[in-house]
Amino acid sequence: MSSSSATEFPFTSADFQTIVGIVYERSGIVLNTHKRDMTYSRLSRRLRVLGLRSFRDYCALLKGREGDREVGFLIDAITTNLTKFFREAHHFDFLREQILTPAAQRRNGERPHIRLWSAGCSSGEEPYSIAMVAAALQRETMADWDLRVLATDLDTNVLKRARAGIYSRASLESVPPTMRETFFDRRPEDRSSSQVRRNIQDLVSIRQLNLLTTWPFHGKFDAIFCRNVMIYFDAETKTALIERFHAQLKEGGWLFVGHSESLLDHQTRFKLCGRTVYRKIGQ
Ligand SMILES: C[S@@+](CC[C@H](N)C(=O)[O-])C[C@H]1O[C@@H](n2cnc3c(N)ncnc32)[C@H](O)[C@@H]1O
């Protein structure tokens, strides 16, 4: 270990490999050797809380009778939750122009039924950005639709923050000013933070879901945002997930991925239609 704090808790290669194996099996997240220092620093806080003396003791806890509960804390500590409102703003223009505007038109006199999924939603900035775009368009066009946003993540801590919907003023800087004024309330008890308004929160259902497990929903989605999540997975996990997203989308449905991601290995399933926006091919 390179950092001086590394001496606080003995951390052997065998300990690291045990953690790598559990994290991969439970979350699909791949921890390469260069993540070893990060693993040490994120988990040493946990060892301190538990009063443990070494990573060997921590690994014994993970593999022991109480292990399942501790694995939840382990995964929460390891996930990277970086996000922001309107991250990759062009995706939200695309959502508005190419997906929601056409979808808002009634067909055969039926009320449009629109389902959107933020898969790996972190602390909520992504699903609330989606909901704000929809609500702003709905106000402008008086669209009469049944629209819901599902927001899921594996990490318990970020989901608590998403449910609270409270954000610092600084984190609202990437929200377009009119939306900031329309869809947030300043909190009287803490003027440095704001809360997402109830009408936006009501559009979003927040659930804990590990993408690797069975998905408990039957309906299909018009669009799935899975941005900056699959970058932590290996090719095998990513391929399996892309197949499942394909099956979970309506015909002609859309998949949004992060700026550094590509589905070009899956050209029989998805067609590139915009900057990191893909459209489902076939049924
Ligand atoms: C970097 S954040 C991306 C947040 C947001 N999509 C964005 O692009 O701003 C990645 C999120 O994926 C979640 N994640 C990682 N592995 C997961 C899994 N197996 N199932 C569900 N969520 C997972 C993490 O907890 C984390 O919140």
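Both ligands and their constituent atoms are indexed starting at 1 by order of listing. Heavy atoms only: backbone and side chains are in, while hydrogens, waters and symmetry mates are out.
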Colleague: Could you tell me the residue and atom name of the protein heavy atom closest to atom 3 (C) of ligand 1, and the distance to it rounded to 0.1 Å?
Modeller: Arg227 O, 3.6 Å
Colleague: With heavy-atom distances below 4.0 Å as the criterion, list the atoms of ligand 1 near Asn228.
Modeller: 1 (C), 2 (S), 3 (C), 7 (C), 8 (O), 10 (C)
Colleague: For ligand 1, which is the ligand I care about here, please tell me if Glu126 has any N or O atom under 3.5 Å from one of the ligand's N or O atoms.
Modeller: yes
Colleague: Check each heavy atom of Phe233 against ligand 1 and say whether those closer than 4.0 Å belong to the side chain, the backbone, both or neither.
Modeller: side chain
Colleague: Looking only at protein heavy atoms, which one is nearest to atom 11 (C) of ligand 1, and how far off is it?
Modeller: Asp153 OD2, 3.7 Å
Colleague: Among all protein heavy atoms, pick out the one at the shortest distance from atom 9 (O) of ligand 1; state its residue, atom name and that distance to 0.1 Å.
Modeller: Thr83 OG1, 2.6 Å
Colleague: Atom 7 (C) of ligand 1: which protein heavy atom is closest, and how many Å away?
Modeller: Arg87 NH1, 3.2 Å
Colleague: Can you tell which part of Leu154 has a heavy atom less than 4.0 Å from ligand 1: side chain, backbone, both or neither?
Modeller: both
Colleague: Checking the side chain of Arg279 only, and the main-chain atoms of Trp254 only, is there a donor and an acceptor separated by less than 3.5 Å?
Modeller: no
Colleague: Would you kindly check if the NZ (Lys) or CZ (Arg) of Arg36 is within the cone defined by 45 degrees around the ring axis of Phe11 and under 6.0 Å from the six-membered ring centre?
Modeller: yes
Colleague: Any side-chain donor paired with an acceptor under 3.5 Å for Thr213 and Asn210?
Modeller: no
Colleague: Is Ser27 close enough to touch ligand 1? Criterion: a residue heavy atom under 4.0 Å from a ligand atom.
Modeller: yes
Colleague: Could you tell me which atoms of ligand 1, counted from 1 in the order shown, lie closer than 4.0 angstrom to a heavy atom of Ser122?
Modeller: 4 (C), 27 (O)
Colleague: Can you list the atoms of ligand 1 that are under 4.0 Å from a heavy atom of Asp155?
Modeller: 25 (O)
Colleague: Between Arg198 and Asp202, is the closest basic N to carboxylate O distance under 4.0 Å?
Modeller: yes
Colleague: Counting each atom of ligand 1 from 1 as listed, which ones have a heavy atom of Asn210 under 4.0 Å away?
Modeller: 18 (C), 19 (N), 20 (N)
Colleague: Is NZ or CZ of Arg244 both nearer than 6.0 Å to the six-membered ring centre of Trp215 and within 45° of the ring axis?
Modeller: yes
Colleague: So for Ile75, does at least one of its heavy atoms come nearer than 4.0 angstrom to any atom of ligand 1?
Modeller: no
Colleague: Between ligand 1 and Lys84, is the shortest N or O to N or O distance under 3.5 Å?
Modeller: no
Colleague: With a 4.0 Å cut-off on N to O distance, would you call Arg115 and Asp222 a salt bridge?
Modeller: no
Colleague: Quick one: does Leu211 get an N or O within less than 3.5 Å of an N or O on ligand 1?
Modeller: yes
Colleague: Just need the protein heavy atom nearest to atom 2 (S) of ligand 1, so name the residue and atom and give the distance.
Modeller: Thr80 O, 3.4 Å
Colleague: For the residue pair Glu125 and Ser123, confirm or rule out a side-chain donor-acceptor distance under 3.5 Å.
Modeller: yes
Colleague: Quick one: are the ring centres of Tyr40 and Phe55 less than 6.0 Å apart?
Modeller: yes
Colleague: Just checking, any donor-acceptor pair under 3.5 angstrom between side chains of Asp190 and Ser193?
Modeller: yes
Colleague: Is there any N or O on Gly120 that sits under 3.5 Å from an N or O of ligand 1?
Modeller: yes
Colleague: Answer with yes or no whether the side chains of Arg56 and Thr12 bring together a donor and an acceptor at under 3.5 Å.
Modeller: no
Colleague: What part of Thr152, side chain from CB on, backbone N/CA/C/O, both or neither, has a heavy atom under 4.0 Å from ligand 1?
Modeller: neither
Colleague: Looking only at protein heavy atoms, identify the closest one to atom 14 (N) of ligand 1 and say how far it is in Å.
Modeller: Val229 CG1, 4.1 Å
Colleague: When you measure from atom 15 (C) of ligand 1 to every protein heavy atom, which one gives the shortest distance, and what is it?
Modeller: Ile29 CD1, 3.9 Å
Colleague: Is the closest side-chain donor-acceptor distance between Arg227 and His91 under 3.5 Å?
Modeller: yes
Colleague: Quick one: look up the protein heavy atom nearest atom 21 (C) of ligand 1 and list residue, atom name and how far away it is.
Modeller: Leu209 O, 3.3 Å
Colleague: Give the atom numbers and elements of ligand 1 that come within less than 4.0 Å of a heavy atom of Thr79.
Modeller: 24 (C), 25 (O)
Colleague: Per the ring-ring contact (aromatic ring centres under 6.0 Å, His included) rule, what does the pair list look like for residues 175-202, sequence neighbours excluded?
Modeller: Phe85-Phe184
Colleague: Applying ring-ring contact (aromatic ring centres under 6.0 Å, His included), can you list everything that pairs with Phe221, at least two apart in sequence or on another chain?
Modeller: Trp117, Phe217
